[in-house]
Amino acid sequence: MIDTIDNYTPKSEFLKTMLERGFIHQCTDAQALDKRLQSEIIPAYIGFDCTASSLHVGSLVQIMMLRHLQKSGHKPIALMGGGTTKIGDPSGKDESRQILTHDMINQNMNGIKGVFEKYLDFGENATDAIMPDNADWLDKLEYVDFLRDVGPHFTINRMLTFESVKLRLDRENPLTFLEFNYMILQAYDFLELQRRVGCAMQMGGSDQWGNIINGVELNRRMDRKEVYGLTTPLITLASGAKMGKTATGAIWLNEDKCSSYDFWQFWRNTADADVGRFLALFTELPMDEVNRLAALEGQEINEAKKILANEATTLLHGADAAAKAEETAKKAFEDRSLGADLPTIEVSKSDLEAGIAVSDLYITAGLGNSKGEVRRLIKGGGAKLNDEKITDGEMSVSLDQLNDQGSIKLSAGKKRHILVVPK
């Protein structure tokens, strides 16, 4: 078993695409996998736990992998973690996750499912995507029998070498027995999917490598089946920050948690150094065009960022939403007009009649996390009300500031704007 693809040139469409666009970090037995991808339809899965009612942009790498898999003639499996969410994956976590109720998990799952229909084709054909729930088999396990059959294939010695475990122990943070079982259940998911639908590959982020290897080995030991693992590199911003996190929180994929405008704007704000990499990962533009756009410099790189924003937003929200977001941004930033489609928040009319401290309003609007942060923004000249600089950090905002459209436009820097509407 090898864990690199550096010295191998794949021939299958899927692995060539993955390598060319920067998706591959590690791969088990790349040559054997490549041969199977050329000769048969490979079902492959990625698991998604239901810890929130929406996935965020950090999950897009995995979703795009499933999309490329299907477009290259194979079968994607988006596995819902209705069972494993009850435990919580310790990978990359300093602390234990909150234990969610059955109802909370089901609500989150329902919120997540819709996103996949934007990227994958579901149905009954050989290459159509499926979306099983691991609760279907994990909830039915007879625990003692399960431990007798599966437990002997895992050693504590090996499990203690995994980064997810070492991280907790090195920082003297507790790792519960419940979480310690997660890696066994994830390996069992791979075994179960192999038995049910012939799944031959698990994909995921680099933090899942140990868990994926467990599943590969469990399939070999229990069923003598050769299956494969493929991981993506950790996707961070050029600044070193985690992908998908901003000053105002995560960039969610569900429209009710993040508007198509905010989603578009996230990509438009990409750092110059990230443009080429993100065009390769998060759009389907040909690589010749990606490389051309990535080579642009100065003001021209901004056009590449708009293309990135339009392509990524079109995949998730549709071409109309992308065009509308671009037009709104143009009005708000280039034409300096209001931009009626800017994100809005509603504030009590009575509160505005009485007057709201500007720092409190900025915090309510999500344009600042604390009064101190808002004061620094004002002092630096980055805070504007109806496109006019705010110079008085103690000012009160009231109905007197309503513009002709019946709203108040707040700005934080050149790229973050929101409309305050009385209700």
Side-chain angles (χ1 to χ4, degrees), residues 5-6 9-10 13-25 56-72 115 118-119 205 232-246 251 253 258-335 339 341 413-417:
I5 199 170
D6 295 340
T9 302
E13 181 184 349
F14 177 66
L15 283 187
K16 283 195 295 186
T17 300
M18 290 293 94
L19 190 60
E20 183 180 39
R21 302 187 81 95
F23 280 90
I24 298 181
H25 178 59
H56 62 71
V57 77
S59 298
L60 268 184
V61 173
Q62 278 68 50
I63 295 173
M64 290 298 291
M65 286 180 81
L66 291 174
R67 182 175 172 88
H68 284 298
L69 182 82
Q70 186 170 52
K71 292 186 73 173
S72 60
V115 167
K118 310 284 185 67
Y119 292 89
T232 58
L234 176 66
I235 307 298
T236 57
L237 306 181
S239 64
K242 191 173 182 180
M243 176 72 180
K245 300 292 184 180
T246 69
I251 301 299
L253 301 185
C258 177
S259 69
S260 54
Y261 171 82
D262 284 337
F263 187 78
W264 188 95
Q265 197 62 42
F266 168 77
W267 299 106
R268 172 61 182 83
N269 293 340
T270 296
D272 293 1
D274 288 329
V275 171
R277 188 163 53 109
F278 287 3
L279 281 166
L281 291 170
F282 302 112
T283 81
E284 294 178 325
L285 291 175
M287 285 305 296
D288 288 347
E289 178 67 1
V290 169
N291 293 331
R292 183 190 73 80
L293 293 169
L296 298 177
E297 297 179 349
Q299 288 298 314
E300 288 186 331
I301 196 69
N302 289 325
E303 293 307 310
K305 294 178 184 180
K306 290 177 185 176
I307 291 171
L308 168 62
N310 283 331
E311 293 291 325
T313 304
T314 296
L315 281 172
L316 179 61
H317 295 295
D320 290 345
K324 190 175 182 180
E326 182 178 17
E327 181 62 21
T328 299
K330 185 176 186 296
K331 289 179 180 178
F333 311 140
E334 297 174 11
D335 297 345
D341 295 314
K414 296 180 179 180
K415 299 178 180 178
R416 295 168 59 206
H417 308 265

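Side chains are part of it too, since the values below use all heavy atoms of this structure and drop only hydrogens, waters and symmetry mates.
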Notebook entry, point to check: By salt bridge (Lys or Arg N to Asp or Glu O under 4.0 Å), which residues pair with K118, not counting sequence neighbours?
Noted result: none
Note to self: If the condition is salt bridge (Lys or Arg N to Asp or Glu O under 4.0 Å), which residues does E289 pass it with, not counting sequence neighbours?
What the structure shows: R292
Margin query: Set out, in order, the CA-CA distance, both residues' side-chain angles and the distance that settles side chain to side chain contact (heavy atoms under 4.5 Å, CB included) for L15 and I24, then state yes or no.
Written below: CA-CA 9 Å; L15 283 187; I24 298 181; 4.1 Å; yes
What's the separation between atom [atom1] in [X] and atom [atom2] in [Y], rounded to the nearest 0.5 Å?
{"X": "L60", "Y": "R67", "atom1": "CG", "atom2": "CZ", "result": "11.0 Å"}
{"X": "K305", "Y": "L279", "atom1": "NZ", "atom2": "CG", "result": "11.0 Å"}
{"X": "M18", "Y": "L281", "atom1": "CE", "atom2": "CG", "result": "9.0 Å"}
{"X": "K306", "Y": "T270", "atom1": "NZ", "atom2": "OG1", "result": "13.5 Å"}

Notebook entry, point to check: Can you check whether T283's main-chain N or O pairs, donor with acceptor, with R21's side chain at less than 3.5 Å?
Noted result: yes
Donor-acceptor contacts, no H, no angles, side chain residues 311-321, under 3.5 Å, sequence neighbours left out:
| residue | atom | partner | partner atom | Å |
| --- | --- | --- | --- | --- |
| T313 | OG1 | A309 | O | 2.7 |
| T314 | OG1 | N310 | O | 2.6 |
| H317 | ND1 | E255 | OE1 | 3.1 |

Margin query: Between the side chains of E13 and K16, is the shortest nitrogen-to-carboxylate-oxygen separation below 4.0 Å, so that they form an ion pair?
Written below: no
Notebook entry, point to check: Restricting to pairs with a member in residues 280-310, which pass ring-ring contact (aromatic ring centres under 6.0 Å, His included), not counting sequence neighbours?
Noted result: W267-F282, F278-F282
Next item on the list: Please test V275 against L296 for side chain to side chain contact (heavy atoms under 4.5 Å, CB included), starting from the C-alpha separation and ending with a verdict.
Entry: CA-CA 10 Å; V275 171; L296 298 177; over 6 Å; no
Checklist line | Residues that F14 engages under ring-ring contact (aromatic ring centres under 6.0 Å, His included), provided they are two or more places apart | finding: none
Next item on the list: Go through the structure and list residues passing ring-ring contact (aromatic ring centres under 6.0 Å, His included) with Y119, not counting sequence neighbours.
Entry: none
